[in-house]
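Residue numbers begin at 1 in each chain, while the letters A, B, ... track the order of the sequences.
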2 protein chains.
Amino acid sequence: MSQKLFVSAQEVAEKAGVSRSAVSRTFTSGASVSPKTRQKVLDAAEALGYHVNHLARGLMRNESGIVCLIVSEIGTPYRSALLRALTQQLQNSGKVAMLINTDRSDGSVDLALRQAIRYRADASVILSGLPDKSITDLCLKNGQRLVLINRDDDREGPLKINLDDADAAARIATAFVRAGCRKLAFANSQAGTPSLMAREHGFVAAAKALGLDVVVERFGHTGYESGRVVAQQLLTRKERPDAVFCATDLLACGFMDAARHQFSMSVPDQICVAGFDDIEQACWSSYGLTTFAQPVETIAREAVSWLVSEAEPENHTVRLHADLVWRTSIRGG
Amino acid sequence: MSQKLFVSAQEVAEKAGVSRSAVSRTFTSGASVSPKTRQKVLDAAEALGYHVNHLARGLMRNESGIVCLIVSEIGTPYRSALLRALTQQLQNSGKVAMLINTDRSDGSVDLALRQAIRYRADASVILSGLPDKSITDLCLKNGQRLVLINRDDDREGPLKINLDDADAAARIATAFVRAGCRKLAFANSQAGTPSLMAREHGFVAAAKALGLDVVVERFGHTGYESGRVVAQQLLTRKERPDAVFCATDLLACGFMDAARHQFSMSVPDQICVAGFDDIEQACWSSYGLTTFAQPVETIAREAVSWLVSEAEPENHTVRLHADLVWRTSIRGG
DNA sequence: TCAGCTTTTGCAAGCGTGTGCAAATGCTGC
DNA sequence: GCAGCATTTGCACACGCTTGCAAAAGCTGA
């Protein structure tokens, strides 16, 4: 166990022949230090390998510079893409990301938020799950900011970033009909998160408005394997659908693979497929999936700029548009 | 701006009618508190919404509980899978992950490590890039632990976790030959990281030992698109290879897609393909990629257990075995 | 030279916690 | 009741930093 501690401002001050305040001021922007003192401090700091202790600084300033990202299923293409964008933007704004994985049990979002409080995070971004109201209230009361992404909650205080899921669903229904499809289906998981359900309900409603019924099938969690299972369920029915909207791209990939390799169907000739998220794999040529693009960069930008803003912004919910990316899994276009 | 601060141990002490030390001891394991004082403190803390300030605790104990994960290309399947495993294991051990994204410029690994020092991280895990010696020395001198994953560096102090890349390459060369292939190729990116080069050199050497030459082609960064480009380069030669080992699964997916859809070749009948990493997509039925599995769970377990161990362990480098996962992209088996 | 002003500097208090030490408390056995 | 002991409690200092305040230093113009 190495007993040597990090070098402190005190030691730098002694070496530079100035007071401890001077070295502190050298490292705080907007403080009053004369150029030559500043230089003496900088030299001494460099020589000693001094780095400001952000734990102590956070303690004093009551602002840690930490932002908590609370997320499950980190290994998933969409989640990891969003994570990438968020960490990037946070770092650009001088913040640092604390990553909390909530894969294990339910209620672990609350645990995660507690961790955020312990480290006095300036803000938390929730990508999955929905925390208990009591605990978000605690966060907000103490000036900690909160961003909910695709969570569709109605409480006051946090910034909510949502997509126009229902509208997108309606657009894809129209596209299917225009491609000549009449037997519509929706492939979903059993996760039941707000955005997934919004897509499902929006699709069913839009189809109804067009005079069509929708067969809805749900299975397991939101991944490739579930897509295969749902395909199994939908394609063994007496009447096969000729168009299926999958709640996410992962489901769509699983669905397409099963349709092609297990049921020897041709996409899009015999069945049209659409997805949601526009993960990297969607444009791989084995899929060429027509899908809605999650605007991850925009989401990250909105979230971070709100987090770091000085004033309390007026509008606490932002609704973003999901662009339809047209590829080859739907006829025509 | 909400001026209310978080509740402190002092306030809890007053409410519970005990001294501040008592509440501190209540929340430090292994401290001496009588059951009834403890209960009074717990009740008061619950009522007030008290949470220990880990910044202050870290300052006192000289142990922040933070572990820095330094990683680039977070959105990539293999990286995000490793990230998932690491955060999971860290949380199980009572640590918390600070995520630093080094996608932008080179040398940003040094910046990242500086950030780790500022927050007095107990340890850093480096998944990409290689920091300057001067800065890793600084980390180590101050008792900060360091783990290098697949970085193949020879300095003393950090834990190095590596795979048997060269051995794996030799095994796959044998498998190709056994499948009747004679015209071998290797598909790589231009990243030139130690593990990629170890696979390349290992493959070339093993082929040579078997009396065969290898055509090596490299392009761009290590992703799907580069796989396609390399396929372009390899499959337009006068003599097409009949087996190609791709440095990673992403390259392999790109290669297979180009071979099939652009050159109308059949895998594995006309060309055998193997990859490395065993990303989720490798087992998707459009690929069925025969590949080497990165033991992400084991890597994470090794890293974390070393990080949290009390004593300085003796062996500072662990070499893990990559299992060959046999699917359908190589004939026979 | 000095009054009047602005800029720089050092002092010291405080942020919220852990912990060594000595005093206080509780318990046991006579 | 009391000596002898183990356990619990409170005091006070330390951790490394920021910052208000007042003293010191520098600068200008007569």
Side-chain angles (χ1 to χ4, degrees), chain A residues 3-42 44-45 48-66 117-122 142-144, chain B residues 3-42 44-45 48-66 117-122 142-144:
Chain A
Q3 297 293 7
K4 173 72 170 61
L5 299 174
F6 281 90
V7 27
S8 75
Q10 178 66 52
E11 304 175 52
V12 177
E14 279 160 16
K15 169 141 190 154
V18 297
S19 78
R20 186 179 44 252
S21 329
V23 14
S24 178
R25 280 190 251 262
T26 302
F27 290 103
T28 35
S29 60
S32 158
V33 210
S34 76
K36 60 189 161 214
T37 331
R38 181 186 186 74
Q39 194 53 51
K40 278 194 291 184
V41 170
L42 252 32
L48 265 50
Y50 169 75
H51 289 90
V52 178
N53 186 332
H54 273 51
L55 271 58
R57 168 176 283 186
L59 192 56
M60 261 307 294
R61 291 214 184 137
N62 214 51
E63 176 181 352
S64 61
I66 296 173
I117 292 178
R118 290 202 193 96
Y119 279 95
R120 299 301 191 258
D122 299 337
N142 292 110
Q144 189 169 109
Chain B
Q3 296 295 9
K4 175 72 170 60
L5 299 174
F6 281 91
V7 26
S8 74
Q10 181 64 52
E11 304 176 52
V12 177
E14 280 160 16
K15 170 138 189 156
V18 298
S19 79
R20 201 186 50 72
S21 326
V23 14
S24 176
R25 281 190 249 262
T26 302
F27 290 101
T28 35
S29 59
S32 156
V33 210
S34 76
K36 60 189 161 212
T37 329
R38 181 186 186 75
Q39 194 53 51
K40 278 194 291 183
V41 170
L42 252 31
L48 264 48
Y50 170 75
H51 289 89
V52 177
N53 186 333
H54 274 49
L55 274 62
R57 168 176 283 186
L59 190 57
M60 261 304 296
R61 288 209 186 144
N62 213 49
E63 177 181 353
S64 61
I66 297 173
I117 292 177
R118 291 202 192 94
Y119 279 96
R120 298 302 189 260
D122 299 337
N142 292 110
Q144 190 169 107

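Residue B:Arg25 has its side chain nearest to D:dG10 when only C:dC15, D:dG10, C:dG10 are considered. Comparing C:dG16, D:dT8, C:dT8 by their nearest atom to the side chain of B:Ser34 picks out D:dT8. Closest to the side chain of A:Ser21, out of D:dC15, D:dC17, D:dT19, is D:dT19. Of the candidate nucleotides D:dT9, D:dT19, C:dT9, D:dT19 has the atom nearest to the side chain of A:Ser24.
Between A:Asn53 atom CG and C:dG16 atom P the separation is 16 Å, expressed in whole Å. Put simply, NZ on B:Lys40 is 11 Å from C1' on D:dT9, counting in whole angstrom units. Atom OH of B:Tyr119 is separated from atom P of D:dG16 by 18 Å (rounded to the nearest Å). Remark: P of D:dC17 and CD of A:Gln10 are 10 Å apart, rounded to the nearest angstrom. Straight-line distance from the CE atom of A:Met60 to the C1' atom of D:dA14: 16 Å, rounded to whole Å. B:Leu55 has its CG atom 13 Å from the P atom of D:dT18, to the nearest Å. One can place CZ of A:Arg118 at 12 Å from P of C:dT17, the figure rounded to the nearest angstrom. Atom C1' of nucleotide C:dT17 and atom CG of B:Leu59 are separated by 8 Å, given to the nearest angstrom.
Applying the 4.0 Å criterion to OP1 and OP2 of D:dT19, one finds that A:Thr28 has every side-chain N and O outside that range.
Taking for each of B:Arg120 and B:Arg20 the nucleotide of DNA chain D with the nearest heavy atom, the 5'-most of the two is the partner of B:Arg20.
Residue contacts shown for A:Ser8 are limited to sugar-phosphate atoms, with no base heavy atom under 4.0 Å away. Among the atoms of the strands shown, only primed sugar atoms or phosphate atoms (P, OP1, OP2) are found under 4.0 Å from some heavy atom of A:Tyr50.
Side-chain N or O atoms of B:Thr26 include one that pairs as donor or acceptor with a backbone N or O of B:Ala22 at under 3.5 Å. No donor-acceptor pair under 3.5 Å is formed between the side chain of B:Glu63 and the backbone N or O of B:Asp122. Looking only at distances, a side-chain donor or acceptor of A:Glu11 sits under 3.5 Å from a matching main-chain atom of A:Ser8.
Nearest heavy-atom pair across B:Gln10 and B:Arg20 is OE1-CD, 3.6 Å.
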Candidate pair B:Asn53 and A:Arg120, rule side-chain contact (heavy atoms from CB on, under 4.5 Å), full reasoning: CA-CA 7 Å; B:Asn53 186 333; A:Arg120 299 301 191 258; 3.7 Å; yes
